[in-house]
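To find a chain, count down the sequence lines: A is the first, B the second, and so on, and within it residues start at 1.
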There are 2 protein chains.
Amino acid sequence: MEFNEAKEQFINSWGSLGSSWGVSRTMAQVHALLLITHDPISAEDVMEALNISRGNANMSLRALIDWGLIEKKVKLGERREYFLAEKDLWKVAMRIAKERRKRELEPIMSALSQVKDIDPETGDKKEIAQFKGQMEEIEDFAGRVDGLLNKLATADENWFTSLLARVLIK
Amino acid sequence: MEFNEAKEQFINSWGSLGSSWGVSRTMAQVHALLLITHDPISAEDVMEALNISRGNANMSLRALIDWGLIEKKVKLGERREYFLAEKDLWKVAMRIAKERRKRELEPIMSALSQVKDIDPETGDKKEIAQFKGQMEEIEDFAGRVDGLLNKLATADENWFTSLLARVLIK
DNA sequence: CTGTACTTTCAATTATTTGTGAAAGTTATT
DNA sequence: AATAACTTTCACAAATAATTGAAAGTACAG
């Protein structure tokens with residue numbers, strides 16, 4: 001396989017992985033491009049490499065910065081901004097976990113706690129009790145996942161690696 | 001809050017959680033409905049409760065069965081099929097993990113192994129080496145995640161619970 | 001202050017994903 | 001073998017999400 005072909009295929013695979021996990025394809029492709037690029041590149045370079053518009057490149061880069069997956073590098077004496085990706089996948093995974101916890105776990109947890117406050121007059125007693133029970137189970141589960149993600153988000157790299165090692169050896 | 005309102009809100013929250021994780025909103029809503037329903041219900045009941053079409057109800061139910069999240073219950077002497085959800089969230093999480101491993105991790109792993117086979121004539125030696133190195137890192141990471149998910153998928157319920165307990169106490 | 005070299009925004013467009021519902025398929029019953 | 005009761009399929013419609021590109025904004029250099 002040619003080198004360029006290989007790069008392109010990686011970018012596409014990473015892109016479709018992204019879209020099946022609720023991240024826009026382009027954002028994942030930009031991330032892939034930066035993962036395989038060792039020197040910082042500009043928005044212009046990204047536009048060119050992926051054939052995307054200026055606006056799209058800008059939005060994707062900014063979103064990646066928000067997620068903590070890439071950073072801006074300013075070259076002295078140059079207006080242009082350059083971008084560089086975090087290459088360590090453990091760190092990448094932790095940042096994604098942290099971000100998704102904030103965006104998706106928090107809302108569902110708050111919804112769950114609201115939803116348990118039911119006027120007992122408005123339904124069958126037993127059914128309400130069952131429903132509340134189910135909600136509590138979900139809350140409990142979400143709470144544990146939340147705890148785990150929090151732990152991951154603040155843990156140092158080796159902690160997670162060694163945890164995984166432990167889990168997998170057993 | 002009224003009981004019906006509470007149910008509706010839970011269904012909606014679960015639905016939007018689904019859509020940010022790459023599961024169609026309706027499929028997640030059907031799942032939510034079945035999670036809070038203790039007796040098996042028919043496709044017709046689902047259509048009515050969620051105001052969705054026959055085709056959509058059927059597809060969502062079938063997908064949930066494929067994922068192992070719900071099962072068909074046949075009532076003796078009745079043509080109609082009834083559906084019942086797995087209520088234990090640990091099991092639910094494991095089945096989702098297993099399914100996504102199969103659908104998303106396997107493709108990326110196979111792509112990664114292909115992509116390392118590069119004709120050395122077609123690019124800068126050092127760049128190719130860097131690229132291969134990065135691919136190997138991703139493969140290694142994916143392999144570990146795969147191992148973990150496999151372990152989860154086959155583990156008994158308590159194994160995961162106690163693992164989490166261990167992790168969180170430490 | 002003005003021109004230049006960039007970055008950011010956002011309304012309009014385009015692409016993708018979901019959902020619909022009528023028609024076809026299936027299976028049990030008479 | 002005809003009917004009835006239900007399930008599945010699929011071409012099209014609707015809804016949603018992503019992308020564009022031109023215009024506006026910013027900051028620096030001279």
NZ/NE/NH1/NH2 to OD/OE distance under 4.0 Å, B:Glu71 and B:Lys73: yes
Rounded distance in Å - CG (A:Asn56) to C1' (C:dT14): 12 Å
Sugar-phosphate only, base, or nothing, as touched by A:Arg80 at under 4.0 Å among non-hydrogen atoms: sugar-phosphate
A:Tyr82 six-ring centre to A:Lys72 NZ/CZ under 6.0 Å and within 45° of normal: no
N-O pairing of A:Arg103 and A:Glu99 below 4.0 Å: yes
Heavy-atom side-chain proximity of B:Glu127 to A:His38 below 4.5 angstrom: no
Boundaries of the DNA chain D segment in contact with chain B, non-hydrogen, under 4.0 Å: D:dA5 to D:dT16
Between C:dT26 (P) and B:Asn58 (CG): distance, integer Å: 14 Å
Euclidean distance, atom CD1 of residue A:Ile65 to atom P of C:dT7 [Å, nearest integer]: 11 Å
Touch class at under 4.0 angstrom, heavy-atom based, for B:Glu81 against every strand present: sugar-phosphate
Touch class at under 4.0 angstrom, heavy-atom based, for B:Arg54 against every strand present: base
Rounded distance (Å) that lies between atom P of C:dG21 and atom CG of B:Asn51: 11 Å
Phosphate contact (C:dT17 OP1 or OP2) by B:Ser24 side-chain N/O below 4.0 Å: no
Side chain to side chain, A:Trp90 and B:Glu137, heavy atoms closer than 4.5 Å: no
Sugar-phosphate, base or nothing in reach of A:Thr26, heavy atoms under 4.0 Å: sugar-phosphate
Integer-rounded Å distance: C:dT18 P and B:Met59 CE: 10 Å
Interatomic distance where CD belongs to B:Glu78 and C1' belongs to C:dT27 [whole Å]: 15 Å
Whole-Å gap separating P (C:dT20) and CD1 (B:Ile52): 7 Å
side-chain N/O A:Arg62 vs C:dT9 OP1/OP2, d < 4.0 Å: yes
Working for side-chain contact (heavy atoms from CB on, under 4.5 Å), residues A:Trp67 and A:Arg100: CA-CA 9 Å; A:Trp67 283 65; A:Arg100 300 205 80 147; 3.8 Å; yes
Atom of A:Ser13, atom of B:Ile108 and distance for their closest heavy-atom approach: CB-CD1, 3.6 Å
